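Note that the structure is predicted; figures quoted are calculated from it, not measured.
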Amino acid sequence: MGFFVFLPLILPLTAVPIARLTEQHLHPRGAARLMTVISAVMAVCSVLCLGLIGVVGTAQIPGNPLPDSWSDPVVRHALPYHETVGTAAMWLLVLVAFTCCRTVVRHLRVRSRARRALAGLPEGPAGGPAGEEGLAVLPDRNPYAYALPGSPGRVVVSTGMLDGLAEDEREALLAHERAHLRHRHHRYLLTTQLAACVNPFLRPLQAAVAFSAERWADEESAQAVGDRRITARAVARAALVSHAAPAPGFAAFAAPAAAQPGPVPRRVAALLGPVPTARNWPPAKTPAGLAAMVAAAGTAASALCALNAAVALLVVLKAVTPL
């Protein structure tokens with residue numbers, strides 16, 4: 001195992017450049033998928049390595065339920081600073097498990113609470129063809145709109161938001177929220193959120209995926225209404241009417257896009273520009289292409305290090321375990 005077992009814990013740093021550059025040369029759809037895969041793989045590798053470090057480092061501690069042969073000096077020699085590092089790894093695993101469970105429970109609780117609140121409201125067409133997700137209009141002066149995932153998903157919008165938009169802008173807004181439901185963006189967001197709970201170095205990817213999901217929905221909306229300027233105007237107007245309004249209190253998957261003021265100017269600028277290319281990998285001779293290759297190499301190295309450490313530990317344990 002050696003020091004290579006620690007590499008998956010720091011290799012997520014190789015994905016930071018692609019998180020900052022991916023929007024320049026990739027379609028938002030490809031960017032969201034690419035960064036979600038990178039986050040998931042690196043998070044799994046981080047957990048695996050923490051577990052291996054913990055097993056090796058704490059095997060010799062009295063009272064440990066592991067077999068006595070696992071505390072053999074040959075096993076302890078497989079990991080530098082075995083006892084101290086192993087104990088720290090076990091505490092980190094406990095913290096990671098607690099944080100991930102809390103995130104999932106909060107996510108499910110908010111979804112359940114939102115669905116109960118909407119249970120008595122009539123369901124109508126969400127401004128689209130038959131079979132699209134239903135639309136729930138809440139009589140609330142606070143402007144907000146969000147996509148509530150589920151079976152079926154629903155688009156929720158307040159009268160305050162609808163009153164602040166023109167008719168074509170309303171259509172663009174609803175198309176944006178339907179795109180979130182149709183492409184299950186909440187799964188991308190939850191995956192990267194859990195990955196960031198596992199390894200804080202993955203937080204830039206979490207923010208980048210959240211922005212890419214909004215851009216993805218923007219492009220779907222622009223295609224649905226047939227005019228990118230209408231969607232850009234809807235995004236800007238929604239941000240203006242919801243400025244300083246209290247948040248609706250839902251989780252990240254339900255938060256209105258306009259409640260995130262930072263990315264709004266970038267989204268509007270992107271919609272006023274040309275249609276993004278459909279490529280899922282940036283050109284090699286660009287900064288984004290170089291960053292993508294670095295991130296891919298870091299992800300591959302993380303997976304190989306984790307696999308190598310797991311195989312090495314299995315070989316050592318098999319050698320010291322009596323038949």
Side-chain angles (χ1 to χ4, degrees), residues 15-38 127-128 143 145-147 155 161 164-185 188-189 192 204-243 252 255-296:
V16 173
I18 191 61
R20 300 181 180 276
L21 297 174
T22 185
E23 65 182 271
Q24 298 179 9
H25 297 280
L26 279 182
H27 191 281
R29 176 183 59 249
R33 290 173 176 172
L34 173 63
M35 290 185 290
T36 300
V37 170
I38 291 175
Y146 57 87
V155 173
M161 176 64 79
L165 302 178
E167 184 64 31
D168 54 357
E169 295 169 353
R170 296 176 188 173
E171 182 182 354
L173 176 69
L174 296 179
H176 174 100
E177 300 302 338
R178 287 198 303 272
H180 281 316
L181 292 178
R182 184 166 57 254
H183 297 291
R184 303 291 189 265
H185 288 167
Y188 294 86
L189 300 181
T192 53
L205 288 177
Q206 177 190 358
V209 169
F211 177 75
S212 294
E214 292 298 332
R215 283 282 301 116
W216 185 354
D218 288 343
E219 293 299 329
E220 293 282 324
S221 172
Q223 186 176 5
V225 300
D227 191 332
R228 296 173 63 81
R229 290 185 175 274
I230 292 178
T231 301
R233 197 166 64 241
V235 171
R237 186 74 60 84
L240 288 175
V241 300
S242 62
H243 181 67
Q260 304 171 12
V264 169
R266 290 159 55 197
R267 290 170 55 197
V268 172
L271 285 167
L272 293 178
V275 179
T277 177
R279 66 168 62 101
N280 293 321
W281 192 265
K285 296 181 180 180
T286 63
L290 178 60
M293 288 188 287
V294 170

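One finds the CZ atom of Arg29 at 7.5 Å from the CD atom of Glu220 (value rounded to the nearest 0.5 Å). Note that CZ of Arg233 and CG of Asp168 are 5.0 Å apart. Values are rounded to the nearest 0.5 Å. Rounded to the nearest 0.5 angstrom, Ile230 CD1 and Glu167 CD are separated by 11.0 Å. Distance check: Arg178 CZ to Leu173 CG gives 9.5 Å after rounding to the nearest 0.5 Å. To the nearest 0.5 Å, atoms OG1 (Thr36) and NE2 (His185) are separated by 9.5 Å. Between Arg267 atom CZ and Glu219 atom CD the span is 10.5 Å, to the nearest 0.5 Å.
Shortest non-hydrogen contact noted between Ile18 and Ala291 is N-CB, 3.7 Å. In this structure, Ala295 and Ile38 approach most closely via the heavy-atom pair CB-CD1, 3.9 Å. Pairing each heavy atom of Ala19 with each of Ala208, the nearest pair is O-CB, 3.5 Å. Between Ala222 and Leu271, the shortest heavy-atom distance links the atoms CB-CD2, 4.4 Å. Ala238 approaches Leu165 most closely through the heavy-atom pair N-CD2, 4.0 Å. Scanning all heavy atoms of the two residues, the minimum distance from Ala31 to Leu26 falls at CA-CD1, 4.1 Å.
Glu214 has its side chain out of reach of Pro263: every pair of non-hydrogen atoms, C-beta onward, lies at least 4.5 Å apart. Residues Arg229 and Leu272 form a side-chain contact, since some pair of their non-hydrogen atoms from C-beta on lies under 4.5 Å apart. Leu205 places none of its side-chain heavy atoms less than 4.5 Å from the side chain of Thr192.
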So Val235 and Val264, side chain to side chain contact (heavy atoms under 4.5 Å, CB included) or not? Walk me through it. CA-CA 7 Å; Val235 171; Val264 169; 4.1 Å; yes
Quick one: do Trp216 and His180 satisfy side chain to side chain contact (heavy atoms under 4.5 Å, CB included)? Show the steps, please. CA-CA 8 Å; Trp216 185 354; His180 281 316; over 6 Å; no
Would you sort out whether Arg33 and Val37 count as a side chain to side chain contact (heavy atoms under 4.5 Å, CB included), showing the intermediate values? CA-CA 6 Å; Arg33 290 173 176 172; Val37 170; 5.5 Å; no
When you look at His176 and Thr231, which way does the side chain to side chain contact (heavy atoms under 4.5 Å, CB included) test go after all the steps? CA-CA 9 Å; His176 174 100; Thr231 301; 5.8 Å; no
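A donor-acceptor pair is defined here as one N or O able to donate and one able to accept, closer than 3.5 Å; such a pair exists between the side chain of Ser221 and the backbone of Ala172.
When the shell of 6.0 Å around CZ of Arg20 is examined, it contains 12 or fewer heavy atoms from other residues, nucleotides or ligands.
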